[in-house]
Engineer: 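One structure is given below, represented as structure tokens, and several questions about it will come after.
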Amino acid sequence: MSIQAPKGFNDFLPGEQYGWKDSYRWQQLEEHFRKVAGQYGYQEFRPPLVEFLELFVHGVGTTTDIVTKEMFNIVPRGDDPDPRRMAMRPELTAGLCRMYIENGIANQPQPTKIFAFGPNFRYENVQKGRFRQLHQLDVEVFGAQDPAVDAEVIHLSLDVVGRLGLKGLTVNVNSIGCPVCRPKYREALQNHFRPHLAELCEDCNTRIDKNPLRLLDCKKDSRHPAQQNAPVGLDYLCDECKTHWEGLLANLNALSVNYQVDTRIVRGLDYYTKTVFEVVSPKLGAQSALWGGGRYDGLMETVGGKPTPGVGFGMGMERVLMALEAEGLLEGAFPARPRMDAFIATMGDVARPAGLKLLYELRAAGISTDIDYLGRSLKAQMKYAGKQNSRFVIILGEDEVKNGVAAVKNMDAGEQQTVPLTDLVRHIQTIG
RNA sequence: CUGACUGUAGCUCAGUUGGUUAGAGCGCCUGACUGUGGCUCAGGAGGUCGCCGGUUCAAAUCCGGUCAGUCAGCCCA
């Protein structure tokens, strides 16, 4: 084997045989997302793929796995006067906050409703549904704390996949409070788990001081009795968070969103406050989360902006496409590749230049057209046109050129007629 | 990083208890008509059997190592 793609980096090629890696399906998923987000009033932001490392450290959180062990770092050249490290973005939210601050978007009409999508990079152990270059569809709302916005964002995310036919998903929601109430809950968790530390795993022993909420989503110790009767975060919410939580549920009910309250989801990113949610599919194996998100009212301040509430989600494009494939919905979700309108088959040295001239005339008229570049026989050109699924084959030989006509074969009907060159565009547009 | 499984043609895979020029299907190219696709038929191109070493008269096959891939732990999208 010669050189291969790096581990966790996928190739996307055109062709249905590539399944969820079919580049045409990716193109359609992106267009679909643009359309749905547009209908909800969201506008596209395009953050760079690289930011200063500092932004992600502050934005994503110093205790997160993403920052502590999964960052693709970029070390500046030795002769670069700016010595700051940069990093490939591991997620989109931090960069979007930076854009919002740096461009003074807060001075535009609020709230700011953003969609974005593209590749993110995490130095992970590769597995089914988990890659080092992963793609996300992302939505953020800055500048509104109304729980109706949390509900809108959740509804939007479900709408995106719902319109593609994906069903049987579980929507888990929870509230993890705010800087006012979370310390009390953290303390309650620490007091609850501390007596059992000797029986818990190494990670849990570290987490109890750094991030006790994540004791709850430890898989190793999930069956430990201390997990079963652990304090529930919802019981510790302050008045403001409690009101927000109840408002969220009321709004979700009003929108007929089918959700489950799961008090164990806490999310792996530090910036969340109040609402957190996760949507999982039963069809994906170990990496079952299709998307997740929540509210992060403190994030904008953390990365250097004025206090601004925010809520959003990141949806895994690979996982959505894989779930569609597992459900047999890939063909149904995305229409078939558009056909070519015409293929020009020429014979001989006289017809060739005439064919090339015609090729560009048809293209200029908006007719998708191709021609043979391998000097093949007429038979082989016909065969090739058939494989390309062209609607028409325009045949040019010496006789046709001499008479200013072309033999036009309708490949579906198998019929052929003689058409004046001056009438070709209209002929194809009429029938096609 | 740990564990399990897997590496043979572009793709999906056969390959017997080690034995001569390593096979099939699909795909690709050419021909069966000196100007007509899909079907059929004939032919062709394409492989240092992941790599290195060992055992043997002989290794795709057995052994060791190594690299790569897949899935799982962990974590998340």
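Keep in mind it's a predicted model, so treat the numbers as computed, not measured. Values below: every heavy atom of this structure, side chains too, minus hydrogens, waters and symmetry copies. Per chain, numbering begins at 1; letters A, B, ... match sequence-line order.
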Engineer: Is any side-chain N or O of A/Lys69 closer than 4.0 Å to OP1 or OP2 of B/C74?
Structural biologist: no

Engineer: With a 3.5 angstrom cut-off on both distances, give the Watson-Crick or G-U wobble partner of B/G43, or none if there isn't one.
Structural biologist: B/C29

Engineer: Report yes if a donor N or O on one partner sits less than 3.5 Å from an acceptor N or O on the other, where the partners are the side chain of A/Gln127 and the base of B/U70; otherwise report no.
Structural biologist: no

Engineer: Under 6.0 Å between ring centres, would you say that holds for A/Tyr271 and A/His58?
Structural biologist: no

Engineer: When both hydrogen-bonding distances must be under 3.5 Å and the geometry is Watson-Crick or G-U wobble, what is B/A24 paired with, if anything?
Structural biologist: B/U12

Engineer: Closest approach to the side chain of A/Asn125, judged atom by atom: which nucleotide of B/C74, B/G35, B/C76 is it?
Structural biologist: B/C74

Engineer: Output all residues satisfying side chain to side chain contact (heavy atoms under 4.5 Å, CB included) with A/Ala37, sequence neighbours left out; order by chain, then residue number.
Structural biologist: A/Tyr42, A/Phe115

Engineer: Please name the nucleotide paired to B/G7 by Watson-Crick or G-U wobble geometry with both distances under 3.5 Å, or report none.
Structural biologist: B/C67

Engineer: Compare the minimum distances between each of B/G37, B/A77, B/C28 and the side chain of A/Arg130, then state the nucleotide with the smallest one.
Structural biologist: B/A77

Engineer: Mind checking who B/U36 pairs with, Watson-Crick or G-U wobble, both distances under 3.5 Å?
Structural biologist: none

Engineer: Atom pairs under 3.5 Å, N or O on each side, protein against nucleotides 39-47 of chain B: can you list them with distances?
Structural biologist:
none

Engineer: What is the separation between atom NZ on A/Lys7 and atom P on B/U70, rounded to the nearest whole Å?
Structural biologist: 7 Å

Engineer: Watson-Crick or G-U wobble partner for B/A72, using a 3.5 Å limit on both distances?
Structural biologist: B/U2

Engineer: To the nearest 0.5 Å, tell me how far A/Glu91 CD sits from A/Phe56 CZ.
Structural biologist: 7.0 Å

Engineer: From C-beta outward on A/Ala289, which listed nucleotide comes closest to its side chain: B/G37, B/C76, B/A72?
Structural biologist: B/C76

Engineer: Can you measure A/Asp65 atom CG to B/G73 atom C1' for me and round it to whole angstrom units?
Structural biologist: 13 Å

